[in-house]
Amino acid sequence: MVKIAPSILSADFSALGKEIKALEKAGADMIHIDVMDGNFVPNLTFGPCVIKALRKETKLPFDVHLMVKNPEIMIPWFAEVGADIITVHAEVCKHLDKTLATIHDYGIKSGVSLNPSTNEDCLKYILDKLDLILIMSVNPGFGGQTFIESQLTKIAAVKELIDGKDIEIEVDGGINPMTAAECIAAGADILVAGTAVFVGGEYQKNINSLR
Ligand code: DX5
Ligand code: ZN
């Protein structure tokens, strides 16, 4: 079954600990944490101290999505406070192969994210260092945007590229029950959802409707 990774970007920031506990109870498979630097993307969110404080609230894996320039500097910051997966953007890594190896040196999973305009060919020679491929189905920076349909073709192309290897395909942005079904049909293993999980406050019902 597809895994659901709620993005706490849509949570109540004044009660993040409680929100994470409620997501765990509602059946979330992991917690998606969108780290933004106000530079790679025009928004600013969580730093390592916030993640450190949240770590004691749940045993669910922390799926840390770094939307930052120079992620190499920040990998130790997030690995040391309890990230289970660290995903970097291909667009900002000059030495992607090396960056992924650095993430693995911390004994955690590595991911690469692709913006909607980025071709998946850049993944071809780093598959052996990858645990997860994060396909952005909106331009990164904000929740609540509309799913970009062209990314369904990319999901299918990435599925073909990984050719049965133990690498998960995660899709992020504009996921709702309708687009979720399209992503699953195209080959997605994990769906990130902010708006669709938090809308109306019925987390369990919302998560179930995405599966
Ligand atoms: C966008 C973030 C997403 C965001 C998704 O840059 O990477 O994780 O929270 O939000 P929704 O599900 O509302 O599109
Ligand atoms: Zn994200």
Side-chain angles (χ1 to χ4, degrees), residues 2-13 16 19-20 23 26 28-47 50-51 54 60-69 71 74 78 83-93 103 109-118 131-152 154-155 158 168-184 188-203 205-211:
V2 72
K3 293 181 191 168
I4 304 296
S7 162
I8 56 168
L9 189 61
S10 297
D12 174 359
F13 278 21
L16 278 178
E19 290 277 57
I20 283 179
L23 291 169
D29 294 288
M30 58 185 81
I31 302 294
H32 186 81
I33 303 176
D34 287 307
V35 175
M36 304 187 188
D37 67 349
N39 191 358
F40 176 58
V41 291
N43 198 357
L44 194 59
T45 57
F46 321 99
V50 176
I51 294 172
L54 294 176
L60 286 181
F62 277 0
D63 173 30
V64 177
H65 177 193
L66 294 183
M67 282 162 276
V68 303
K69 276 197 184 151
M74 300 191 195
F78 291 98
D84 298 280
I85 306 166
I86 292 183
T87 295
V88 295
H89 267 263
E91 298 83 8
V92 292
C93 292
I103 298 173
K109 290 187 177 178
S110 68
V112 169
S113 183
L114 305 178
N115 279 342
S117 62
T118 304
D131 300 297
L132 181 138
I133 296 166
L134 174 54
I135 297 171
M136 288 306 301
S137 41
V138 297
N139 287 293
F142 300 94
Q145 302 182 74
T146 304
F147 185 86
I148 300 172
E149 291 285 332
S150 63
Q151 299 310 298
L152 291 170
K154 194 189 284 178
I155 298 169
V158 166
E168 290 188 290
I169 300 177
E170 184 175 41
V171 185
D172 185 1
I175 297 294
N176 58 42
M178 220 175 69
T179 56
E182 292 178 317
C183 292
I184 295 165
D189 302 299
I190 308 171
L191 300 175
V192 176
T195 308
V197 166
F198 287 90
V199 69
E202 293 191 77
Y203 302 168
K205 187 174 150 233
N206 292 344
I207 287 174
N208 290 340
S209 68
L210 295 175
R211 289 199 203 274

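Throughout, residue positions are numbered sequentially from 1 according to the sequence presented. First listed ligand is number 1; within each ligand, the first listed atom is number 1.
- Among protein heavy atoms, the minimum distance from atom 12 (O) of ligand 1 is reached at Gly194 N, 2.8 Å.
- Shortest contact from atom 1 (C) of ligand 1 to any protein heavy atom: Phe142 O, 3.6 Å.
- Side-chain polar atoms of Thr179 and Asn176 form a donor-acceptor pair below 3.5 angstrom.
- The Pro140 neighbourhood of ligand 1 comprises atoms 6 (O), with distances under 4.0 Å to a heavy atom of that residue.
- Those atoms of ligand 1 with a heavy atom of Gly143 less than 4.0 angstrom away are 10 (O), 13 (O).
- A 4.5 Å side-chain heavy-atom check between Leu54 and Phe46 finds every atom pair outside the cut-off.
- Residue, atom and distance of the protein heavy atom nearest to atom 11 (P) of ligand 1 are Gly144 N, 3.7 Å.
- Judged purely by atom type and a 3.5 angstrom limit, Ser10 uses its side chain to pair as donor or acceptor with the backbone of Thr195.
- If you check which protein heavy atom lies closest to atom 3 (C) of ligand 1, you get Asp172 OD1, 2.9 Å.
- In terms of N/O distances under 3.5 Å, ligand 1 is not approached by Ala196.
- In this structure, Ile169 and Ile135 have side chains that are in contact, with non-hydrogen atoms separated by less than 4.5 Å.
- Residue contacts with ligand 1, taken as heavy atom pairs separated by less than 4.0 Å, involve Ser7 solely via side-chain atoms from C-beta onward.
- For ligand 1, none of its N or O atoms has an N or O atom of Ser10 under 3.5 Å away.
- Between Asp172 and Ser113, every side-chain heavy-atom pair lies at or beyond the 4.5 Å cut-off.
- Between Val192 and His65, every side-chain heavy-atom pair lies at or beyond the 4.5 Å cut-off.
- Remark: ligand 1 atoms within the under-4.0 Å shell around heavy atoms of Asp34 are 2 (C), 3 (C), 4 (C), 7 (O), 8 (O), 9 (O).
- Between OD2 of Asp172 and OD1 of Asp34, the angle at the Zn ion (ligand 2) works out to 170°, rounded to 10 degrees.
- Between the side chain of Asn206 and the backbone N or O of Val199, at least one donor-acceptor pair lies under 3.5 Å.
- Closest protein heavy atom to atom 13 (O) of ligand 1: Thr195 OG1, 2.5 Å.
- Interface atoms of ligand 1 facing His65, defined by a heavy-atom separation under 4.0 Å, are 7 (O).
- Between Val68 and Val92 the shortest side-chain heavy-atom distance does not fall below 4.5 Å.
- Contact annotation: the side chain of Asp37 approaches that of Lys69 to within less than 4.5 Å [non-hydrogen atoms, C-beta and beyond].
- Ile190 places none of its side-chain heavy atoms less than 4.5 Å from the side chain of His32.
- The shortest side-chain heavy-atom distance between Leu210 and Val197 falls under the 4.5 Å cut-off.
- Taking a cut-off of under 4.0 Å to the non-hydrogen atoms of Ala193, the atoms of ligand 1 that pass are 12 (O).
- Not a single heavy atom of Phe147 sits under 4.0 Å from any atom of ligand 1.
- Of all the atoms in ligand 1, the ones that sit under 4.0 Å from a non-hydrogen atom of Val192 are 8 (O).
- Inclusion of Asn139 in the set of residues having an N or O under 3.5 Å from an N or O of ligand 1 is not warranted.
- A donor atom on one side chain and an acceptor atom on the other are not found under 3.5 Å apart for Thr45 and Asp34.
- Near His32, the atoms of ligand 1 lying under 4.0 angstrom from a non-hydrogen atom of the residue are 8 (O).
- With ligand atoms numbered from 1 in the order given, ligand 1 contributes 1 (C), 6 (O) to contacts under 4.0 Å with heavy atoms of Gly141.
- Of all N, O or S atoms in His65, the one lying closest to the Zn ion (ligand 2) is ND1.
- From the protein, the heavy atom lying nearest to atom 14 (O) of ligand 1 is Gly174 N, 2.8 Å.
- Although no hydrogens or angles enter the test, the distance criterion places a donor-acceptor pair under 3.5 Å between the side chain of Gln151 and the main chain of Pro116.
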